[in-house]
Amino acid sequence: MQIAVAVPRTAQALARALVAIGGAQLAATVAVAQQDPELTRFRELGFRQKAAIIRAIERSLDGIDNPLLARLRDWRYDVETLPSASGAPPIHDPARYAKAEHEAGRAPSRTVIAATETAHQAVNQRFARPAFLPDLIAEVRYDWGIGQVVRGPALGYDELFANALHGYAPGTDHVVARVLAALDQDDEQRKLAAWFGHAYCDLEARAFPPVTFYDAWYSGRTVDVPDVDAIPFAWEILGWKRYRSPLSGPPRDRLYDAIRDAALRQRVHRTQCEAAAAAAVCAEPRMDPMYALLVPRFHFLWQDVDDDLDALVDRLQSKDRGALLEEVDQRIREPSGTAYERRELRRRELADLAAQVRDLARAALARFGGTH
């Protein structure tokens, strides 16, 4: 079954305007990052020179008295205590969710399509969505599917230097992960994230990891929902245990409507969490421009709660997103208030810190980056 996902016209218009304003700049930023001569120069250095440069950057940062840097240090995880990041997203099993149909051969086992195949590339293009902080190379990240902070491979010198050139001090990935984990505590949203975190599969029983159902629904395009994936939503999210494959008629339509509505709730929740996390570490983060509009509000909120993560969680839980944003906007617009100045102060602090980290990286490269 295919479901068409409708995007509100106002959102479409806003997205078009944002793309028109920022699309060329974003493309230019990506091109510069891919061809950064300083990063190329660093990569060509020997091991000892790279080590000296990274140590110089870290020593310089340790000597700076900055509350934002102090937060990066305080919020770090003990990486060894974190679970390892899993590989590809899970795939719903037809033997479990469509047992009779599977045994009869009408619900075959899923075939994983390699990322190099044309069919996979077409799915990637169809369901492409703007990346969240794509210029931050993370060792520690939040896994939405399992609701845990996980660790990937340790960052090497090349990755650490690339982060520094992008204005990210060591530990930035820890802060992002910690904020996302703290904000993603709603029981309903956790169940939705687990379902939407499964690999996208089409009606031909083909699976396309790492593309997930969240990616597919985020795209706003028509989404295939095979019975093998729709039934676990009915059983595990809605508690509709009587649903069995093959689905048809009004019961099927009610289930698909429920999935569509849930996709919107999950997107609203997740983008709010991402905007809050991005605002904790960036003045102008790279993310979906539609939801980057939330970031200045969170710059103010981080100031307003004095960087207290628990207080921010309480603030977000006390009101729905619309009411909270309206409250923030009203405070920003107050002619005699200081909210606007506080918001802009936080943005400048983040921008200044990013510039300082970049300058330290370039200075260390100039000092230690001679011929090897």
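Side-chain atoms are counted along with the backbone in the values below, which use heavy atoms only and exclude waters and symmetry mates.
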If you round to the nearest 0.5 Å, how far is [atom2] of [Y] from [atom1] of [X]?
X: R270; Y: Y214; atom1: CZ; atom2: OH; result: 4.5 Å
X: Q49; Y: F42; atom1: CD; atom2: CZ; result: 9.5 Å
X: E327; Y: L301; atom1: CD; atom2: CG; result: 8.0 Å
X: L61; Y: N66; atom1: CG; atom2: CG; result: 9.5 Å
X: T271; Y: Q266; atom1: OG1; atom2: CD; result: 9.5 Å
X: F298; Y: R343; atom1: CZ; atom2: CZ; result: 13.5 Å

Taking the six-membered ring of [Y] as reference, does the cationic atom of [X] (NZ for Lys, CZ for Arg) lie under 6.0 Å from its centre and within 45° of its axis?
X: R178; Y: Y77; answer: yes
X: R342; Y: W302; answer: no
X: R267; Y: Y218; answer: yes

Is a salt bridge present between [X] and [Y], judged by a nitrogen-to-oxygen distance below 4.0 Å?
X: R41; Y: D36; result: no
X: E349; Y: R71; result: no
X: R151; Y: D78; result: no
X: K50; Y: D158; result: yes

Does R265 form a side chain to side chain contact (heavy atoms under 4.5 Å, CB included) with D261? I'd like the steps, not just the answer. CA-CA 7 Å; R265 295 198 305 275; D261 294 344; 3.9 Å; yes

Verify ring pair (Phe, Tyr, Trp, His ring centres under 6.0 Å) between Y157 and F47, making sure each step is shown before the conclusion. CA-CA 9 Å; Y157 291 143; F47 177 83; 5.4 Å; yes

Give the minimum heavy-atom separation between [X] and [Y], together with the two atoms involved.
X: A230; Y: V225; result: CB-CG1, 3.6 Å
X: A98; Y: V228; result: CB-CG2, 4.1 Å
X: S86; Y: R141; result: O-NH2, 4.4 Å
X: F161; Y: A361; result: CE1-O, 3.5 Å
X: A283; Y: V295; result: O-CG1, 4.5 Å
X: P108; Y: A205; result: CG-CB, 3.9 Å

For a side-chain hydrogen bond (donor to acceptor under 3.5 Å, both in side chains) check, start with the C-alpha distance between Q125 and Q121, then their side-chain angles and the critical distance, and finish with the verdict. CA-CA 6 Å; Q125 183 176 7; Q121 293 167 6; over 6 Å; no

With sequence neighbours left out, which residue pairs that include part of residues 58-68 fulfil the salt bridge (Lys or Arg N to Asp or Glu O under 4.0 Å) condition?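 Found D62-R73.
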
Please walk me through it: do W75 and V179 pass side chain to side chain contact (heavy atoms under 4.5 Å, CB included)? CA-CA 10 Å; W75 289 14; V179 174; 3.9 Å; yes

Run the side chain to side chain contact (heavy atoms under 4.5 Å, CB included) check on C282 and L350 step by step: do they pass? CA-CA 6 Å; C282 291; L350 288 165; 5.7 Å; no

Give a yes or no answer on whether the side chain of [X] reaches the backbone of [Y] with a donor-acceptor pair at less than 3.5 Å.
X: S219; Y: R221; answer: yes
X: N163; Y: I137; answer: yes
X: D173; Y: V140; answer: yes

Please table the atom pairs, donor to acceptor, closer than 3.5 Å between any side-chain atom in residues 190-201 and protein atoms at least two apart or in another chain.
unit_1	atom_1	unit_2	atom_2	d
R190	NH1	W144	O	3.0
R190	NH1	D184	OD2	2.6
R190	NH2	W144	O	2.8
R190	NH2	G145	O	3.4
W195	NE1	D229	O	2.8
H198	ND1	A194	O	2.9
H198	ND1	W195	O	3.4
H198	NE2	H92	NE2	3.4
Y200	OH	D224	OD2	2.9

Could you go through the salt bridge (charged side-chain N to carboxylate O under 4.0 Å, His left out) check for D227 and R252 one step at a time? CA-CA 9 Å; D227 285 4; R252 177 194 60 191; over 6 Å; no

Of all residues at least two apart in sequence or in a different chain, which pass the salt bridge (charged side-chain N to carboxylate O under 4.0 Å, His left out) check with R206?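 Checked R206 against salt bridge (charged side-chain N to carboxylate O under 4.0 Å, His left out); matches are D202, E204.
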
Would you sort out whether W240 and F233 count as a ring pair (Phe, Tyr, Trp, His ring centres under 6.0 Å), showing the intermediate values? CA-CA 9 Å; W240 298 353; F233 191 95; 8.4 Å; no

Take D329 and R297 through the test salt bridge (charged side-chain N to carboxylate O under 4.0 Å, His left out) and record every step on the way to the result. CA-CA 8 Å; D329 289 344; R297 280 77 168 253; 2.9 Å; yes

Apply salt bridge (charged side-chain N to carboxylate O under 4.0 Å, His left out) to residues E159 and R43 and explain how you reach the verdict. CA-CA 10 Å; E159 291 82 7; R43 287 172 174 163; over 6 Å; no

From CA spacing to verdict: side chain to side chain contact (heavy atoms under 4.5 Å, CB included), Y142, C273: CA-CA 11 Å; Y142 182 65; C273 295; over 6 Å; no

Could you walk me through whether E101 and R244 pass the salt bridge (charged side-chain N to carboxylate O under 4.0 Å, His left out) test, one step at a time? CA-CA 9 Å; E101 293 291 292; R244 295 290 186 273; over 6 Å; no

